[in-house]
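Working notes for the structure below.
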There are 2 protein chains.
Amino acid sequence: MAEHIVSAYDAELAALRNRVVEMGGIAEKMLDDATRALVRRDAELAQSVINTDARLDNLQREIEENAILTIARRQPMAVDLREIISAIRVAGDVERIGDLAKNIAKRAVAISGQMQPTRIVVGVEHMSDLVQEQLKDVLDGFTQQNVNVAIDVWKRDGEIDALYTSLFRELLTYMMEDPRNIGFCTHMLFCAKNIERIGDHTTNIAETIYYLVTGSALVSERPKNDDTSFARVGES
Amino acid sequence: MAEHIVSAYDAELAALRNRVVEMGGIAEKMLDDATRALVRRDAELAQSVINTDARLDNLQREIEENAILTIARRQPMAVDLREIISAIRVAGDVERIGDLAKNIAKRAVAISGQMQPTRIVVGVEHMSDLVQEQLKDVLDGFTQQNVNVAIDVWKRDGEIDALYTSLFRELLTYMMEDPRNIGFCTHMLFCAKNIERIGDHTTNIAETIYYLVTGSALVSERPKNDDTSFARVGES
């Protein structure tokens, strides 16, 4: 291995980082497009989101393989090792964000022909906007290795969970008011849940940035305002 | 590093494998208990599942850290490297299975006081039994590095997805029949979805076993019978 010099190693790390940032850009666009497809009932746009997901899967596999090979070949220590581990973790979260956006797109296809109560759609769109902002910020934070951005994103996850909880209750109310809303609302329930889970993944990425920069864990318990799993709905 | 000898290395690999198997046992029990808690409306049992999850999270973190350190320290090649990567991947899937079982347990707490249509509960229980069987088989397959077991589990995922699709439709029907069912059915909808996702993770583990033993990917497309994301329910 004649190229076993610092600059080649730096290039490997930079390539890894760039691939992760590339994945992040794709996932951001998938979520944006999936949400627009949902709001505008645009089945064609939704289909393009579904088709994009395979690219994200391939990129993740590639990042994981290259990262492991770099670890085996270079035996990195301390901050370099953290950088490689972080790339693997962030790529994993971004891949799952892509899966969730794809699922939203599939549901956009399913409901594209149905009557949609505007208030519900607006609520889901608003939630998605918030999560998209989080996703953009956390990906910038990863690129800049900015721990303050990470902490800020991490703290804001509670807002998304609170929004999800209120949307969840609203959706159940719509279903109870008129059974004809049930099919549509069920899809929106899963869409809202998917967006909330994308929010969780942005929080994971924030935790990874913190680990990358400081070498320690952010904390053991994150702020959690989603209590819908415990919600005793429909009892009244 | 005086201990840089084969037997110490083997011991590291064995320890890694044992930890993953330990995680698998905990996750199996969590799913079994969460399902029983759901069926028997046992809030106490559900709470014990919720409390167990942190142990699984810690074990996963530990496995990941030890695996990465082993790679950096030993520079393993070929089959040994695959074994370490597989341990990381399986631990990741098992950790997510634990999360999903915890979510089922939370919902079991929520609906423990509500009227439950027996047929729905039986359907969810049946689905969980099938997935538990898959999980048990795939974890045995991992311990034995048995590629035939892996292929068998991988092929059976379609059955679970088909069951989920039929349960999904049945739940929507119940909701439409009587709005008082909506709260309960929504929780069951998410429980069924969680079980279906646990099935997906067992399939991931099957793919990892295949990669571990053969060094190549099982295939690019797995069998998929869950079409509920596309389901145009409530239109008729």
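The figures here come from the full heavy-atom set of this structure, side chains too, leaving out hydrogens, waters and symmetry mates. Protein chains get the first letters and strands the later ones, always in sequence-line order, with residue 1 at the start of each. Every value quoted in this text rests on a predicted model; they were computed, and no experiment measured them.
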message: Looking at every heavy atom in both A/T186 and B/M175, which two are closest together, and how far apart are they?
response: OG1-CE, 4.3 Å

- request: Check each atom of B/E64 against the heavy atoms of chain A and say whether the ones under 4.5 Å are side chain, backbone, both or neither.
  value: side chain

query: What is the distance from atom NZ of B/K193 to atom CG of A/L189, rounded to the nearest 0.5 Å?
result: 12.5 Å

task: Identify the heavy atoms of B/M176 and A/G183 that sit nearest to each other, and give their distance.
output: CE-N, 4.2 Å

message: Quick check on A/L81 against chain B: is it the side chain, the backbone, both or neither that has a heavy atom closer than 4.5 Å?
response: side chain

task: Pull out the residues in residues 88-98 of chain A that come under 4.5 Å of chain B, heavy atom to heavy atom, sorted by number.
output: A/R89, A/R96

Qualifying residues under side-chain contact (heavy atoms from CB on, under 4.5 Å), relative to A/A206, sequence neighbours excluded: A/V138, A/A150, A/V153, A/W154

- request: Could you pull out all residues at least two apart from A/N51 that satisfy side-chain contact (heavy atoms from CB on, under 4.5 Å)?
  value: A/Q47

Contacts of type side-chain contact (heavy atoms from CB on, under 4.5 Å), residue A/V121, not counting sequence neighbours: A/V39, A/Q116, A/F184, A/M188

statement: The interface call for A/I85 against chain B, heavy-atom contacts under 4.5 Å, is side chain

